[in-house]
Student: 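I'd like to ask some things about the structure below.
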Amino acid sequence: MVTSKYSKVLILGSGPAGLTAAIYAARANLKPILVHGMQPGGQMTITTDVENYPGFAEVVQGPWLMEQMQKQAISVGTDMITDIITEVDFSRRPFHCVGDSGGHYSGESLIISTGAEARWLGLDSEKQFQGFGVSACATCDGFFFREKNVAVVGGGNTAVEEALFLTNFASKVWLIHRRDELRAEKILQERMFANDRVEIIWDHRVEEVLGSDNPRVVTGVQLRNVHDDTKSELPIDGLFVAIGHTPNTALFEGHLDMDQEGYIGTVPGSTETNILGVFAAGDVQDKVYRQAVTAAGSGCMAALEAEKYLTSYATAQAAE
């Protein structure tokens, strides 16, 4: 039997942005439907220690935090559905989405909060130590590497910014880049070159992440010279992969305005997209901060703006 669901607010994605939007929409008695994929909670479900989310004096686990948000959203009236959206139609109202299961979901307003994914090196050992010394977010995890030695992989603005940020905590930061020059802006490069805590390893790529299983910790990386294939090992306590993020927005190409990297464009200071009644919150439209707390904040904004839109839309319909 094909599922068919309708709501005044349809939310796609269940990270901090989507769940916060659901909580606010439900509390406004809008009875939201939230459709999430096979990994509810987004990137936070692969984040172990969370120490910078407001309200918790002690370190909490990312999956637990997302579980609590989900329970809260359900308790205030959110209809939570597991499905993968494969088709969208923004040409008619209510907006219409089709899931991989064959389910049909429609909403008078739509909040997109499908998040973004960090690009990884693709190593089995990298995956093994994610959350145990391997990270894609210095702002999130740098604090755990006080007075330790860490490395950053990458050569763009993000990599240089991460390396500079980590000097606030780490004793030594290596920047590993597979080329002999960086893509980062010159002003960032100059700032990094002037910092004696940062050392650059040119013309190398990371072949393996080294570590132990009990306890599970990173102890180093194996490097390969891109010119002569010689291998070497670098002892470190943490590895930060900074080779970019990919927003989960391919589904909306041709429907919504996006920048060259695929991030959904929104009105400055708002979550409004170029389509009236469609809003984007969290990492799908934020390539600057990418924090759970800022995603949650934009989810709140999206719900409030959706409520305002629905009120004005209903008024306009009644006047016709």
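Atom set for the values below is all heavy atoms of this structure, side chains included, hydrogens, waters and symmetry mates excluded. Each residue takes its place number in the sequence, starting with 1.
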Student: Taking D286 for its side chain and A281 for its backbone only, find out whether a donor-acceptor pair lies under 3.5 Å.
Tutor: no
Student: So Q72 and L19, do their side chains get closer than 4.5 Å, heavy atoms only?
Tutor: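 Contact flag for L19/Q72 side chains = no.
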Student: Rounded to the nearest 0.5 Å, what's the gap from OG1 on T114 to CG on L12? Could you check?
Tutor: 7.0 Å
Student: Applying salt bridge (charged side-chain N to carboxylate O under 4.0 Å, His left out), which residue pairs with at least one partner in residues 177-205 are found, sequence neighbours left out?
Tutor: K172-E199, R205-E207
Student: Any side-chain heavy-atom pair from T249 and I112 closer than 4.5 angstrom?
Tutor: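 With C-beta onward as the side chain, the pair stays apart.
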Student: More than 12 heavy atoms of other residues, nucleotides or ligands under 6.0 Å from OH of Y24: yes or no?
Tutor: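 Atom OH in Y24 is not crowded, with 12 or fewer foreign heavy atoms closer than 6.0 Å.
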Student: In terms of hydrophobic clustering (I, L, V, M, F, W, Y; side-chain heavy atoms under 4.5 Å; direct or indirect links), are M258 and L110 co-clustered?
Tutor: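 The answer is yes; both residues are in one hydrophobic cluster.
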Student: Can you give me the closest heavy-atom contact between A22 and P32, atom names plus distance?
Tutor: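 Taking every non-hydrogen atom into account, O-CG, 3.6 Å.
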Student: Does any N or O in the side chain of S312 come within less than 3.5 Å of the main-chain N or O of Y309, such that one atom is a donor and the other an acceptor?
Tutor: yes
Student: Nearest 0.5 Å, what's the OH-CD distance between Y105 and E87?
Tutor: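 If I round to the nearest 0.5 Å, the distance is 12.5 Å.
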Student: If you compare all heavy atoms of A159 against all heavy atoms of A242, which two are closest, and at what distance to 0.1 Å?
Tutor: CA-CB, 3.6 Å
Student: For T3 and G103, indicate whether the former's side chain and the latter's backbone hold a donor-acceptor pair under 3.5 Å.
Tutor: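 No.
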Student: Flag the pair K127 / W120 as yes when at least one side-chain heavy-atom distance between them is below 4.5 Å, and no otherwise.
Tutor: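 A side-chain contact is absent here, since even the closest heavy-atom pair is not under 4.5 Å.
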Student: Less than 4.5 Å apart, any side-chain heavy atom of D141 and any of F240?
Tutor: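 Yes - at least one pair of side-chain heavy atoms lies under 4.5 Å apart.
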Student: Name all residues meeting the disulfide (SG to SG under 2.5 Å) criterion together with C300; count only those two or more places apart in sequence or in a different chain, and write none if there are none.
Tutor: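 Disulfide (SG to SG under 2.5 Å) list for C300, sorted by chain: empty.
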Student: Under 4.5 Å between any side-chain heavy atoms of D257 and T273, yes or no?
Tutor: no
Student: More than 12 heavy atoms of other residues, nucleotides or ligands under 6.0 Å from CG of D229: yes or no?
Tutor: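 Above 12, so yes.
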Student: Which pairs count as disulfide (SG to SG under 2.5 Å) when at least one residue sits in residues 103-214, sequence neighbours excluded?
Tutor: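 Residue pairs with at least one partner in residues 103-214: C137-C140.
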Student: Do you know which two heavy atoms are closest between C97 and L10, and how far apart they sit?
Tutor: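 Where C97 meets L10 most closely, the heavy atoms are SG-CD2, 3.9 Å.
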Student: Kindly say whether T230 contributes a backbone atom to a donor-acceptor pair with the side chain of N225 at under 3.5 angstrom?
Tutor: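 Looks like no, no N/O pair under 3.5 Å.
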Student: Quick check for you: to the nearest 0.5 Å, what is the distance between I81 atom CD1 and S14 atom OG?
Tutor: 12.5 Å
Student: Please tell me whether V241 and F129 are part of a single hydrophobic cluster in this structure, the criterion being side-chain heavy atoms less than 4.5 Å apart.
Tutor: yes
Student: Any chance you could measure T219, atom OG1, to N149, atom CG, to the nearest 0.5 Å?
Tutor: 12.5 Å
Student: Within a reach of under 6.0 Å around CD of Q291, are more than 12 heavy atoms found that belong to other residues, nucleotides or ligands?
Tutor: yes
Student: Is it the case that the side chain of S298 and the backbone of G282 share a donor-acceptor pair, with hydrogens and angles ignored and the cut-off at 3.5 Å?
Tutor: yes
Student: Through direct or indirect side-chain contacts below 4.5 angstrom among Ile, Leu, Val, Met, Phe, Trp and Tyr, which residues connect to F169?
Tutor: F143, F165
Student: So which atom in V284 and which in G115 form the shortest heavy-atom distance, rounded to 0.1 Å?
Tutor: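 Where V284 meets G115 most closely, the heavy atoms are CG1-N, 3.2 Å.
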Student: Under 3.5 Å, is there a donor-acceptor pair between the side chain of T266 and the main chain of E272?
Tutor: no
Student: Show, in sequence, the C-alpha distance, side-chain angles and deciding distance for L256 and N274, and conclude whether the side chain to side chain contact (heavy atoms under 4.5 Å, CB included) test is met.
Tutor: CA-CA 6 Å; L256 298 172; N274 61 298; 3.7 Å; yes
Student: Who pairs with F95 by ring-ring contact (aromatic ring centres under 6.0 Å, His included), at least two apart in sequence or on another chain?
Tutor: F90
Student: Looking at CZ of R93 and OG of S91, how far apart are the two atoms once the value is rounded to the nearest 0.5 Å?
Tutor: 9.5 Å
Student: Is V293 close to Y53 at the side-chain level, that is, under 4.5 Å between some pair of heavy atoms?
Tutor: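 Yes, their side chains come closer than 4.5 Å.
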Student: If we ignore hydrogens and angles and just use 3.5 Å, is the side chain of S125 paired with the main-chain N or O of V209 as donor and acceptor?
Tutor: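 Yes.
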Student: For K5 versus D79, what's the shortest heavy-atom pair and its separation?
Tutor: NZ-OD2, 2.8 Å
Student: Between D213 and R216 (side chain of the first, backbone of the second, donor and acceptor by atom type, cut-off under 3.5 Å), is there such a pair?
Tutor: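 A pair under 3.5 Å: no.
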Student: Would V153 and L175 show up in the same hydrophobic cluster when neighbours are defined by side-chain heavy atoms closer than 4.5 Å?
Tutor: no
Student: Under the criterion side chain to side chain contact (heavy atoms under 4.5 Å, CB included), I'd like the reasoning laid out for F252 against V278: C-alpha separation, chi angles, the key distance, then a yes or no.
Tutor: CA-CA 11 Å; F252 312 108; V278 178; over 6 Å; no
Student: Can any side-chain N or O of E126 pair as donor or acceptor with the backbone N or O of L121 at less than 3.5 Å?
Tutor: yes
Student: Run H96 and H104 through side chain to side chain contact (heavy atoms under 4.5 Å, CB included) and show every step you take.
Tutor: CA-CA 7 Å; H96 191 74; H104 290 252; 2.9 Å; yes
Student: Is there a path of hydrophobic side-chain contacts, each under 4.5 Å between heavy atoms of I/L/V/M/F/W/Y residues, joining V218 to L234?
Tutor: yes
Student: For side chain to side chain contact (heavy atoms under 4.5 Å, CB included), just list the numbers for M192 and L182, CA-CA rounded to whole Å, side-chain angles, deciding distance to a tenth of an Å, and then say yes or no.
Tutor: CA-CA 11 Å; M192 184 180 66; L182 302 173; 3.5 Å; yes
Student: So which heavy atom on H255 is nearest to which on L251, and how close?
Tutor: CD2-O, 3.8 Å
Student: Out of curiosity, D283 CG to R290 CZ, how far, rounded to the nearest 0.5 Å?
Tutor: 7.0 Å
Student: Do the side chains of L304 and L30 join up, straight or via other hydrophobic residues, at under 4.5 Å, putting them in one cluster?
Tutor: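 No, it is not one cluster - the side chains of L304 and L30 are not joined through contacts under 4.5 Å.
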Student: Quick one: are V150 and I236 in side-chain contact, heavy atoms under 4.5 Å?
Tutor: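 Result no, sub-4.5 Å side-chain heavy-atom pair not found.
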Student: Which residue pairs pass the ring pair (Phe, Tyr, Trp, His ring centres under 6.0 Å) test when at least one of the two sits in residues 278-299, sequence neighbours left out?
Tutor: none
Student: State, yes or no, whether a side-chain contact exists between R119 and T246 at a heavy-atom distance under 4.5 Å.
Tutor: yes
